[in-house]
Amino acid sequence: MSQRAQDVIQKASNNVMWDVMKDVWCETTNPNGYVNVGVAENSLMHGTLLEHLNRTLELPAKYLTYNDGGGGSVRLRRAMAAFINRHFSPVMPVTADHLVVTNGVSPAIEHVAWSFCDPGEGILLGRPFYGTFIPDLSLRFGASVVQVAFDDCDPFSLEAVDKYEQALLRFQTDTGRRVKALMLCHPHNPLGRCYPRHVLIGLMRLCQKYQMNFISDEIYALSVWENTVDQAPAPVAFESALSIDLTDIIDPGLVHVLWGLSKDFGANGLRMGVIISQFNEDVHVALGGISLYSYTSGTADHLASLLLEDVEFTERYIARNQEKLSTTYAYATRRLKELGIEYAPGCNAAFFLWVNLGKRYVELHPEEAGSVVGEKVMQRLLQKRVFLASGTLFGSEKDGWFRIVFTHPVEFLDLAFGRIAAALE
């Protein structure tokens with residue numbers, strides 16, 4: 001085996017997620033399986049989406065061919081562009097030529113890392129982060145992820161921009177290599193918050209100063225909702241990087257946005273992502289040369305086109321999804337309070353609660369005070385057959401934090417919370 005393959009074998013052996021997904025709980029067929037509230041899937045609207053898609057469909061013959069190439073059919077890119085123009089409020093209207101379609105946003109993340117970084121060059125990433133950003137950015141193409149710590153600074157504040165610059169300078173001094181990009185998850189995974197416009201502009205100015213690419217992963221852009229529970233910190237409305245006039249801020253060719261159907265339409269399995277780069281033709285030429293390796297299937301291309309072309313349905317779907325997200329978040333936070341579990345407040349986007357299980361564990365087991373308990377809690381959770389995302393893998397700066405995905409029916413959440421409580425006790 002090659003050294004890179006051996007490295008993957010070693011890293012894959014530490015990832016329990018795939019074992020969990022092969023052994024998920026089902027009340028009738030697998031009651032001893034894992035209750036999975038660790039993977040970012042939204043099942044709240046599955047019935048609505050399936051009813052819409054499970055019609056009598058006629059697949060045109062061209063979808064059995066290579067069609068218009070690896071970057072997505074012209075039809076799909078036009079439908080996506082129109083959809084993005086309706087919902088992202090771009091300063092300059094998006095056209096089909098601005099888009100490169102990929103089979104999911106993970107390949108899109110790989111593509112931008114490949115496009116901008118030679119092996120060993122850096123990409124800034126604030127903590128905590130979506131855990132799979134690390135392999136997406138580094139595993140195959142060798143970019144170095146430069147993790148940015150914030151200490152007690154709010155990562156959504158202007159002060160945080162200085163933390164990014166400090167991490168950049170430290171990396172470049174220590175390694176002699178450049179930082180070529182800043183990766184942002186906006187809305188944020190796992191913190192469930194949106195970056196204010198002035199902070200986005202501050203980060204763009206930093207990128208201009210050091211000639212870095214600004215990459216905004218906006219996969220949760222439309223999964224925003226009203227927080228009726230907690231208002232501190234005050235929830236911030238989502239504003240896309242596309243909606244910012246870049247004049248006198250940053251070279252527009254350095255700005256790129258990612259989006260996909262996995263989260264906003266609860267369709268992880270459809271495998272449909274897109275890179276939006278409006279002012280950098282070289283990106284499109286380069287990605288055209290490797291688009292074979294992220295080709296979406298003709299069936300997915302056709303289904304996604306049908307979905308995005310249906311303006312009435314998508315408008316209704318998004319509104320209803322946002323209502324359900326708000327309601328389910330309120331329910332999940334109430335259950336956490338009943339269990340005495342601290343969570344990070346002020347969310348209004350995405351599917352997550354960032355929870356301090358370590359603190360509750362120590363309260364129940366005072367003899368553990370002062371020790372590192374995150375891994376102990378993780379093992380207890382797995383013993384009780386419930387899966388959460390570990391803060392350790394998400395770059396948490398503090399021990400004992402975990403990510404809970406709340407986008408499940410209430411009955412499923414009750415089962416999960418019951419097992420979490422049993423694990424802590």
Side-chain angles (χ1 to χ4, degrees), residues 4-5 7-9 11-12 14-22 36 38-42 70-72 76 80 99-117 119 123-126 128-145 147 181-190 213 215-223 256-277 283 286-288 290-297 299-301 303-304 350-352 389-390 393-395 403 405 407:
R4 62 177 177 266
D7 292 343
V8 172
I9 291 170
K11 292 171 183 176
N14 298 323
N15 190 345
V16 71
M17 184 183 78
W18 299 116
D19 294 329
V20 169
M21 294 177 70
K22 296 172 186 174
N36 185 355
V39 175
E41 294 186 322
N42 178 6
L76 174 60
M80 276 191 167
L99 309 182
V100 177
V101 176
T102 58
N103 56 348
V105 174
S106 286
I109 296 168
E110 270 205 344
H111 278 355
V112 292
W114 173 85
S115 297
F116 304 137
C117 294
I123 299 179
L124 293 173
L125 183 65
F129 43 73
Y130 162 56
T132 309
F133 267 145
I134 302 296
D136 285 352
L137 292 168
S138 65
L139 188 60
R140 292 205 295 171
F141 301 126
S144 296
V145 177
Q147 298 186 23
L182 185 154
M183 188 82 201
L184 209 63
C185 193
H186 169 54
H188 193 277
N189 174 4
N213 289 276
I215 306 163
S216 184
D217 179 351
E218 301 184 0
I219 194 171
Y220 295 98
L222 306 178
S223 297
H256 320 275
V257 170
L258 312 180
W259 183 72
L261 300 184
S262 295
K263 312 307 180 184
D264 288 339
F265 283 97
N268 291 33
L270 198 56
R271 309 311 304 139
M272 184 68 64
V274 63
I275 301 167
I276 308 163
S277 189
V283 167
L287 293 181
I290 62 167
S291 61
L292 176 66
Y293 309 112
S294 59
Y295 223 121
T296 58
S297 76
T299 304
D301 190 302
L303 282 173
F351 309 160
F352 318 116
S390 165
L393 297 179
F394 278 57
R403 188 191 73 174
V405 176
T407 45

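As the structure is a computational prediction, the values presented were derived from the model and not from experiment. The figures that follow rest on heavy atoms only: side chains count, while hydrogens, waters and symmetry mates do not.
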(message) For a quick test of reading the model, state the closest non-hydrogen atom pair linking Val274 to Thr102 and the distance between them.
(response) N-OG1, 4.0 Å

(message) Can a donor-acceptor pair be found, under 3.5 Å and without considering hydrogens, that links the side chain of Asn189 to the backbone of Tyr130?
(response) no

(request) With rounding to the nearest 0.5 Å, note down the distance linking CZ in Phe141 to SG in Cys117. (result) 12.0 Å

(message) So which atom in Ser223 and which in Asp264 form the shortest heavy-atom distance, rounded to 0.1 Å?
(response) OG-OD1, 2.7 Å

(message) For the CG atom of Leu139 and the CD atom of Glu110, what is their distance to the nearest 0.5 Å?
(response) 7.5 Å

(request) Test side chain to side chain contact (heavy atoms under 4.5 Å, CB included) on Ile109 and Asp217 and set out the steps. (result) CA-CA 8 Å; Ile109 296 168; Asp217 179 351; 3.9 Å; yes

(message) Using the rule given for side chain to side chain contact (heavy atoms under 4.5 Å, CB included), can you reason through Phe129 versus Gln147, listing the C-alpha separation, both sets of side-chain angles and the distance that settles it, and then say yes or no?
(response) CA-CA 9 Å; Phe129 43 73; Gln147 298 186 23; 3.5 Å; yes

(request) Working to the nearest 0.5 Å, report the span between CG of Leu137 and CZ of Phe116. (result) 11.5 Å

(request) Output yes when a side-chain donor or acceptor of Lys263 lies under 3.5 Å from a complementary backbone atom of Ala40, and no otherwise. (result) yes

(message) Is it the case that the side chains of His111 and Ser294 hold a donor-acceptor pair, with the cut-off being a distance below 3.5 Å and no angle test?
(response) yes

(message) Rounded at 0.5 Å granularity, tell me how far CG in Asp301 sits from CG in Asn103.
(response) 11.5 Å

(request) Indicate the atoms forming the closest heavy-atom contact of Leu125 with Met183, along with that distance. (result) CD1-O, 3.8 Å

(request) Compare every heavy atom of Met272 with every heavy atom of Ala304, then report the nearest pair and how far apart it is. (result) CB-CE, 3.8 Å

(message) With a 4.5 Å cut-off on side-chain heavy atoms, are Val39 and Val405 touching?
(response) no

(message) Walk me through whether Phe133 and Ile123 qualify under side chain to side chain contact (heavy atoms under 4.5 Å, CB included).
(response) CA-CA 11 Å; Phe133 267 145; Ile123 299 179; over 6 Å; no

(message) Testing the basics here: between Gly273 and Val105, what is the closest heavy-atom pair and its distance to 0.1 Å?
(response) CA-CG2, 4.0 Å

(request) Kindly determine whether Val100 and Ser277 satisfy side chain to side chain contact (heavy atoms under 4.5 Å, CB included), including the steps that lead there. (result) CA-CA 8 Å; Val100 177; Ser277 189; over 6 Å; no

(message) Measuring centre to centre across the rings, with the benzene-like ring taken for any Trp, is Tyr220 within less than 6.0 Å of Phe352?
(response) yes

(message) With a 4.5 Å cut-off on side-chain heavy atoms, are Arg403 and Leu393 touching?
(response) no

(request) Could you tell me the separation between the OG atom of Ser216 and the CD1 atom of Ile276, rounded to the nearest 0.5 Å? (result) 9.5 Å

(request) Calculate, to the nearest 0.5 Å, the distance between atoms OG and CG belonging to Ser115 and Asn213 respectively. (result) 8.5 Å

(request) Specify the closest pair of heavy atoms between Asn268 and Ser262, including all atoms of both residues, with the distance to one decimal. (result) OD1-O, 2.8 Å

